[in-house]
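Take a look at the structure below.
Chain letters run A, B, ... following the sequence lines, proteins first and then strands; every chain starts at 1.
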Amino acid sequence: MLDIRWIREEPEALDRALSRRGQPPRADLVLALDRARRDLQTRLQELQSERNRLSREIGAAKAKKLDAGDLMTKVAALKDDTARLEAEERAKAAELDALLAVVPNVPDASVPDGKDETANVEVRRHGTPKKFAFAPKDHTALGTALGLMDFDAAARMSGARFVVLKGALARLERALGSFMLDLQTGEHGYSEHNVPHLVRDEAVFGTGQLPKFADDLFKTTLGNWLIPTAEVSLTNLVREQIVDDAVLPMRLTAYTPCYRSEAGAAGKDTTGMIRQHQFTKVELVSITRPEDSDAEHERMTRCAETVLERLELPYRTMLLSAGDMGFSSRKTYDIEVWLPGQDRYREISSCSNCGDFQARRMNARFRRGEQKPEFVHTLNGSGLAVGRTLVAVLENYQNADGSVTVPAALRPYMGGMEKIARA
RNA sequence: GGACGGGUGGCCGAGUGGUCGAAGGCAACGGUUUGCUAAACCGUCAUACGGUCAAAAGCUGUAUCGAGGGUUCGAAUCCCUCCCCGUCCGCCA
């Protein structure tokens with residue numbers, strides 16, 4: 001949510017930001033609604049003021065046992081006007097709120113222009129894709145041949161975009177989660193959390209998935225939403241809170257399943273584990289002071305990259321263009337891991353600085369000393385998506401005989417296992 | 001799921017229809033007193049959004065006693081719905 005006062009002062013900046021995201025201008029509409037709402041508010045308040053004054057006189061008259069009949073008819077006359085104005089003011093405010101709720105965050109000055117991912121800028125690259133002496137298989141072929149990855153069984157009970165992992169692959173998933181959590185908590189200062197996976201409307205509105213992206217989410221019969229990422233649960237830890245300056249930056253992490261309807265992804269990545277309705281992820285969230293969020297963003301991105309470095313997986317880091325960024329973000333780095341089975345880099349982490357955009361939506365603030373509360377800045381990043389990391393491990397560590405070498409960093413989590421082979 | 005009891009300012013807590021944004025206390029802040037500390041005393045002490053102003057300050061108005069609706073000239077107080085917390089019962093990993 002953007003600051004309406006900022007829009008009043010710099011409406012042209014809003015339209016410029018929208019244009020960078022490939023959206024039509026909306027400042028005129030926002031300003032018109034805002035003006036109309038405030039005019040209604042002023043008129044309403046004048047009526048209320050008059051009503052309050054007369055009501056006090058009635059009270060005073062009655063206390064003195066005087067007749068207040070005239071006064072009461074006077075106030076009654078105000079009633080219709082007050083009720084009508086109140087309804088109008090409320091309707092106008094709701095209209096304005098609904099509009100502001102779907103206006104995306106303003107891209108940072110350092111974000112490159114561009115309408116989609118073709119304009120993303122590579123900022124660094126690590127490792128070199130391995131040359132295989134044989135034609136590398138993709139993870140689906142590898143996992144299926146190992147007898148440890150069963151899409152058919154998953155489809156029978158759940159439909160498309162689900163998988164059953166067995167044996168060493170099931171354990172590999174757990175090992176990756178534990179390894180990532182240990183790294184982020186033990187070396188990078190993130191505190192581990194176990195959070196709700198079902199949340200209310202307000203929580204999902206807070207992080208920005210609602211109201212615009214409800215189609216991407218699953219909803220329970222009780223009305224709760226399944227989290228599409230632990231960003232929702234972790235960031236909402238500070239909703240409606242005023243935290244002390246001294247506790248910032250807060251660095252939070254959680255290992256959770258993520259549920260996504262993938263409504264807009266029909267036909268994309270239809271096979272394999274790349275795009276599933278359910279996957280696990282170690283999420284990183286930072287809550288910072290405004291002046292610290294840029295540095296924290298760089299740090300967080302490095303925390304995510306470190307996972308890939310420890311696993312010795314080649315990756316590149318992309319700075320997303322304005323047109324490719326998510327709704328709540330003002331600047332995003334995507335980390336893409338090399339997948340030999342696809343012969344290209346694929347997104348495995350996305351690290352975003354949301355500035356105060358989410359904080360406004362969830363009213364998350366902090367206080368410096370005795371000063372007035374200010375909105376915090378919120379950041380989130382995957383550290384990493386476990387399902388896709390498993391895919392990357394399988395494809396990059398595959399051997400000619402179809403077995404998969406266990407990365408050294410994971411062996412302690414695999415009971416010392418060095419290789420995953422068909423039993 | 002059933003039956004009760006609760007949600008009031010940073011905290012505690014009073015307030016069942018009329019100058020109540022809300023007594024009192026604690027904490028905090030400023031001051032007086034004081035060798036220092038403490039104590040005592042005096043004062044200040046919610047937020048949001050409007051209007052006024054070039055702007056800020058100031059002044060002024062409105063709203064806010066869990067949320068939303070309703071009754072009433074007037075609601076913290078009465079009614080309805082919802083949310084949250086607690087206790088007991090049932091069920092249950």
**Prompt:** With a non-hydrogen cut-off below 4.0 angstrom, is K62(A) in contact with a base, only sugar-phosphate, or nothing?
**Reply:** base
**Message:** Quick check for you: name the first and last nucleotides of RNA chain B, 5' to 3', having an atom under 4.0 Å from a heavy atom of chain A.
**Reply:** G18(B) to C84(B)
**Message:** Tell me whether the rings of H277(A) and F218(A) are parallel (<30°), tilted (30 to 60°) or perpendicular (>60°).
**Reply:** perpendicular
**Message:** Any carboxylate oxygen within less than 4.0 angstrom of a Lys/Arg side-chain nitrogen, looking at E95(A) and K92(A)?
**Reply:** yes
**Prompt:** On a whole-Å scale, what distance lies between the C1' atoms belonging to G18(B) and G24(B)?
**Reply:** 22 Å
**Asked** Base, sugar-phosphate, or nothing for R90(A), non-hydrogen atoms under 4.0 angstrom?
**Response** sugar-phosphate
**Message:** Do the side chains of R365(A) and E374(A) get close enough for a salt bridge, i.e. N-O under 4.0 angstrom?
**Reply:** no
**Message:** Using a 4.0 Å heavy-atom cut-off, does R38(A) contact any base of the nucleic acid, only the sugar-phosphate backbone, or nothing at all?
**Reply:** sugar-phosphate
**Prompt:** Do the non-hydrogen side-chain atoms of K331(A) and Y333(A) ever get within less than 4.5 Å of each other?
**Reply:** yes
**Prompt:** Hey, are R53(A) and E50(A) close enough for a salt bridge, meaning a charged N less than 4.0 Å from a carboxylate O?
**Reply:** yes
**Message:** Just to be sure I understand the rule, does Q41(A) reach a base, reach only the sugar-phosphate, or reach nothing, if contact means heavy atoms closer than 4.0 Å?
**Reply:** base
**Span that lies between the P atom of G25(B) and that of G43(B), in whole angstrom** = 11 Å
**Message:** When the C1' atoms of G10(B) and C83(B) are compared, how many Å lie between them, rounded to an integer?
**Reply:** 24 Å
**Prompt:** P atom, A39(B) versus A28(B): distance in rounded Å?
**Reply:** 9 Å
**Message:** What's the gap between C29(B) and G70(B) when it is taken at their P atoms, as a whole Å value?
**Reply:** 44 Å
**Request:** Return the 5'-most residue of the pair R365(A), L71(A) with respect to RNA chain B, ranking by each residue's nearest nucleotide.
**Result:** R365(A)
**Complete:** Here the salt bridge (charged side-chain N to carboxylate O under 4.0 Å, His left out) pairs for residues 271-281 of chain A, sequence neighbours left out, are E262(A)-R275(A), D269(A)-R275(A), K281(A)-E283(A)
**Prompt:** Looking across every strand, which nucleic acid part, if any, lies under 4.0 Å from R43(A) by heavy atom: base, sugar-phosphate, or nothing?
**Reply:** nothing
**Request:** Could you tell me whether E88(A) and R43(A) make a salt bridge, using a distance below 4.0 angstrom between a side-chain N and a carboxylate O?
**Result:** no
**Message:** I want to check a possible cation-pi pair here: R330(A) against F357(A), using under 6.0 Å from ring centre and within 45° of the ring axis as the test.
**Reply:** no
**Request:** Would you classify R8(A) as touching base, sugar-phosphate or nothing, given that sugar-phosphate means primed atoms plus P, OP1 and OP2, and contacts are heavy atoms under 4.0 Å?
**Result:** sugar-phosphate
**Prompt:** Are side-chain N/O atoms of E231(A) and Q358(A) paired as donor and acceptor at under 3.5 Å?
**Reply:** yes
**Item:** Base-paired stems that RNA chain B participates in, counting runs of 3 or more Watson-Crick or G-U pairs under 3.5 Å
**Value:** B:1-7 with B:83-89, B:10-12 with B:24-26, B:28-32 with B:40-44, B:46-52 with B:58-64, B:66-70 with B:78-82
**Request:** Just call it for R37(A): base, sugar-phosphate, or nothing, with non-hydrogen atoms closer than 4.0 Å on any strand.
**Result:** sugar-phosphate
**Request:** Determine the Euclidean distance between corresponding P atoms of G17(B) and A75(B); express it in Å to zero decimal places.
**Result:** 14 Å
**Complete:** Note: for E46(A) and R35(A) on RNA chain B, the residue whose nearest nucleotide lies more 5' is R35(A)
**Request:** Using the C1' atom on both, measure G7(B) against A14(B) and round to a whole Å.
**Result:** 16 Å
**Message:** Rounding to an integer number of angstrom, what distance separates C82(B) and A3(B) when you compare their P atoms?
**Reply:** 13 Å
**Request:** Tell me, yes or no, whether the heavy-atom count around K212(A) atom NZ, taken from other residues, nucleotides or ligands under 6.0 Å, exceeds 12.
**Result:** yes
